[in-house]
Student: 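Quick one: this structure, given as structure tokens, is what I'll be asking you about.
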Amino acid sequence: MSDHSNLRIASQVIHAGQHAEPVTGAVMPPIFTSTTYAQESPGVHKGFEYSRSHNPTRYALERMIACLEGSNISEDTDASCGGFAFASGLAAMATALELIDAGSHIISMDDIYGGSNRLLQKVRQRTQNLDIDFVDLTDESKLRSAMRPDTAMLWVETPTNPTLKIVDIARVAQIAHEVNPKCLVVVDNTFCSPVNQRPLEHGADIVMHSSTKYVNGHSDVVGGILVTGKPELAERIRFLQNAIGSVMGPFDSYLTLRGLKTLDVRIRRHNASALRIAKHLEASELVDRVVYPGLESHPQHSVYKKQMEATGGGGTGMITFFIKGGLEPAKAFLETVSIFTLAESLGGIESLIEHPAIMTHASVPPEQRAVLGIDDALIRLSVGIEDCDDLIADVDRALEAASAKMGAMAG
Ligand SMILES: *Cc1c(COP(=O)(O)O)cnc(C)c1O
């Protein structure tokens, strides 16, 4: 809602797109579970007919996330201001892909989330006959040679998972739009949340989220989001959201909106603790390399400074590091931590740890894992909002266990 767009983001997460419920004055939107709405006479209603198409609880969430991502579409132009909520991140992506015609050419970042890769290669290549090029978008020359006058979509994910490569959104959007002004530039903003990065402000046409991660942030709702700042695109996405029907339910919408209210305070703690832990790991002689946007050693640190917001730390709660000695010390580390839970997923209040080569990225063929730099020494942390001193003590215990394993291997 445009009347909140002048507020700072910590205020927006409380107020953006929200208004008291008209009948009772309730400050938080009730969970409207009704599937249908009474009409005064045929076709005369209050803007709500059927809950796949219109749901007040979902709208409240959609308007909020639209405003946070910097869409300026007013509620008069679009009932949810250009924000759309789906049953999962992949349902949001699948709906975005319906914006382009069968047989289209699409360019995707090379190391996108595994499920996004699967949707493109194992489903849409067959059912939509998509012609897909996977390109390392941190290298502009590679994008320039891959772009065609009819390239219909550029799929960006930044920072990437798990190697945290950072793509310069403004540059790639400019290059794509120069070659084809109609090319839709979509950015998966899951690793940042709108507190750390707002792709629409850098020239993207659409932002996508797995709201399962930071946006909801409490590891209790699977969901997805699309946001656009362009009214004509909003109209097309609204049509597709209703026509395909993979919408977010009212209870999940309520929980996600509740999660968003604390987004700014949560992200500040995630960022601050992650930066501290990243520096701590970088100083350890048991660690080969730490990849974290807020560290000066990050290969795209200058893009980070231009495009992302540090927000009390280093731009995200995600850290990737390579432990010395490979698989056995890595396993010892993963088995020793007790506050970090060994689990897939990320972006929740509790700290998680995982081993991509064995867990999240096991489906990526070993040769391709090697190209992407996902080796057996790589450990991924999703830093939660526990007391950071406790997290550091946990990391130190695990490093000791890894060190003992390295010693045993050497001896
Ligand atoms: C989890 C994730 C997805 C998929 O979202 P779901 O909610 O699991 O369907 C897409 N992109 C990224 C970067 C993710 O982390």
Side-chain angles (χ1 to χ4, degrees), residues 89-191 199-200 202-210 224 226 228 233 236-237 240 299-300 303 307 356 360-361 363-374:
L90 288 180
M93 179 178 184
T95 304
L97 289 172
E98 298 290 355
L99 288 163
I100 59 178
D101 294 332
S104 292
H105 177 239
I106 151 169
I107 297 175
S108 167
M109 179 62 182
D110 57 357
D111 65 343
I112 55 172
Y113 173 75
S116 306
N117 186 303
R118 180 177 56 206
L119 176 58
L120 287 173
Q121 297 216 69
K122 298 268 166 68
V123 183
R124 294 311 182 87
Q125 212 157 39
R126 176 173 61 81
T127 63
Q128 202 174 353
N129 193 25
L130 291 183
D131 179 3
I132 311 162
D133 277 327
F134 289 92
V135 174
D136 179 358
L137 297 175
T138 61
D139 184 342
E140 275 180 41
S141 63
K142 288 189 179 151
L143 173 61
R144 282 190 194 280
S145 43
M147 270 303 294
R148 302 182 203 158
D150 65 347
T151 302
M153 186 175 276
L154 178 65
W155 190 271
V156 183
E157 189 178 310
T158 181
T160 60
N161 177 19
T163 54
L164 302 178
K165 283 196 255 178
I166 299 174
V167 177
D168 186 333
I169 299 169
R171 287 297 294 149
V172 297
Q174 189 191 356
I175 292 167
H177 287 147
E178 258 167 36
V179 180
N180 179 13
K182 288 193 178 145
C183 178
L184 294 174
V185 177
V186 190
V187 177
D188 182 335
N189 200 25
T190 300
F191 269 42
L200 299 184
H202 301 285
D205 298 295
I206 298 169
V207 179
M208 174 250 165
H209 278 281
S210 166
L226 294 178
T228 182
L233 260 180
R236 291 174 63 199
I237 297 173
L240 290 170
Q300 291 91 35
V303 184
Q307 167 173 299
T360 46
H361 292 65
S363 64
V364 180
E367 319 81 67
Q368 187 164 8
R369 283 210 300 268
V371 172
L372 297 175
I374 306 169

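Computed from a predicted structure; not experimentally measured. When reading the values below, keep in mind they use all heavy atoms of this one structure, side chains included, and skip hydrogens, waters and symmetry mates.
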Student: With side chain to side chain contact (heavy atoms under 4.5 Å, CB included) as the criterion, how do Ile107 and Ile132 come out once you've worked through the C-alpha distance, each side chain's angles and the decisive distance to 0.1 Å?
Tutor: CA-CA 6 Å; Ile107 297 175; Ile132 311 162; over 6 Å; no
Student: Does the salt bridge (Lys or Arg N to Asp or Glu O under 4.0 Å) test come out yes or no for Glu98 and Arg124, once each step is laid out?
Tutor: CA-CA 10 Å; Glu98 298 290 355; Arg124 294 311 182 87; 3.2 Å; yes
Student: Would you check if the side chain of Gln128 reaches a backbone N or O of Leu97 as a donor-acceptor pair within less than 3.5 Å?
Tutor: yes
Student: In Å and rounded to the nearest 0.5 Å, what is the NZ to CG distance from Lys165 to Asp139?
Tutor: 9.5 Å
Student: Would you check if there is a donor-acceptor pair between the side chains of His209 and Asp188 at a distance under 3.5 Å?
Tutor: no
Student: Under the 3.5 angstrom rule, does the side chain of Arg369 hit a backbone N or O of Pro356 as a donor-acceptor pair?
Tutor: no
Student: Donor-acceptor check, side chain of Thr158 to backbone of Val167, threshold 3.5 angstrom: yes or no?
Tutor: yes
Student: Check each of Thr228, Ile106, Leu99 against Leu184 using the side-chain contact (heavy atoms from CB on, under 4.5 Å) test, and report the only one that passes.
Tutor: Leu99
Student: Determine whether Arg148 and Asp131 satisfy the following criterion, salt bridge (Lys or Arg N to Asp or Glu O under 4.0 Å), listing intermediate values before the conclusion.
Tutor: CA-CA 12 Å; Arg148 302 182 203 158; Asp131 179 3; 3.1 Å; yes
Student: What's the separation between atom CD in Gln368 and atom CG in Asp110, rounded to the nearest 0.5 Å?
Tutor: 8.0 Å
Student: Supply the atom-to-atom distance Ser108 OG to Asp133 CG, rounded to the nearest 0.5 angstrom.
Tutor: 10.0 Å
Student: Test Val172 against Leu154 for side chain to side chain contact (heavy atoms under 4.5 Å, CB included), laying out the working first.
Tutor: CA-CA 9 Å; Val172 297; Leu154 178 65; 4.0 Å; yes
Student: Any donor and acceptor pair, going by atom type alone, linking the side chain of Arg171 with main-chain N or O of Glu140 inside 3.5 Å?
Tutor: no
Student: What's the shortest heavy-atom distance between Thr163 and Thr160, and which atoms?
Tutor: OG1-OG1, 3.4 Å
Student: Could you tell me which non-hydrogen atom of Ser116 sits nearest to which non-hydrogen atom of Met93, and how far apart they are?
Tutor: CB-SD, 3.5 Å
Student: Is there a donor-acceptor contact under 3.5 Å from the side chain of Gln300 to the main chain of Leu164?
Tutor: no
Student: If we count only N and O atoms by modelled type, under 3.5 Å, do the side chains of Thr151 and Asn180 hold a donor and an acceptor together?
Tutor: no
Student: Determine the minimum heavy-atom distance between Met109 and Val156, stating which atoms define it.
Tutor: CB-CA, 4.5 Å
Student: To the nearest 0.5 Å, what is the distance between CE on Met153 and SG on Cys183?
Tutor: 8.0 Å
Student: Is Asp205 reaching over with its side chain to a backbone N or O of Val185, donor-acceptor style, under 3.5 angstrom?
Tutor: yes
Student: Look only at the side chain of Ser104 and the backbone of Ile100, and say whether a donor-acceptor pair between them is shorter than 3.5 Å.
Tutor: no
Student: I need the Gln121 CD to Phe134 CZ distance, nearest 0.5 Å.
Tutor: 4.0 Å
Student: For Lys142 versus Asp136, what's the shortest heavy-atom pair and its separation?
Tutor: CB-O, 4.2 Å
Student: Can you see which heavy atom on Gln307 is nearest to which on Ala170, and at what distance?
Tutor: OE1-N, 4.3 Å
Student: Using every non-hydrogen atom in the two residues, find where Pro162 and His361 come nearest and quote the distance to one decimal.
Tutor: CD-NE2, 3.5 Å
Student: Whether the side chain of Thr190 engages the backbone of Ser210 through a donor-acceptor N/O pair (distance < 3.5 Å, no angle test) should be reported.
Tutor: yes
Student: Output the distance between atom CG (Asn189) and atom CD1 (Ile206), rounded to the nearest 0.5 Å.
Tutor: 13.5 Å
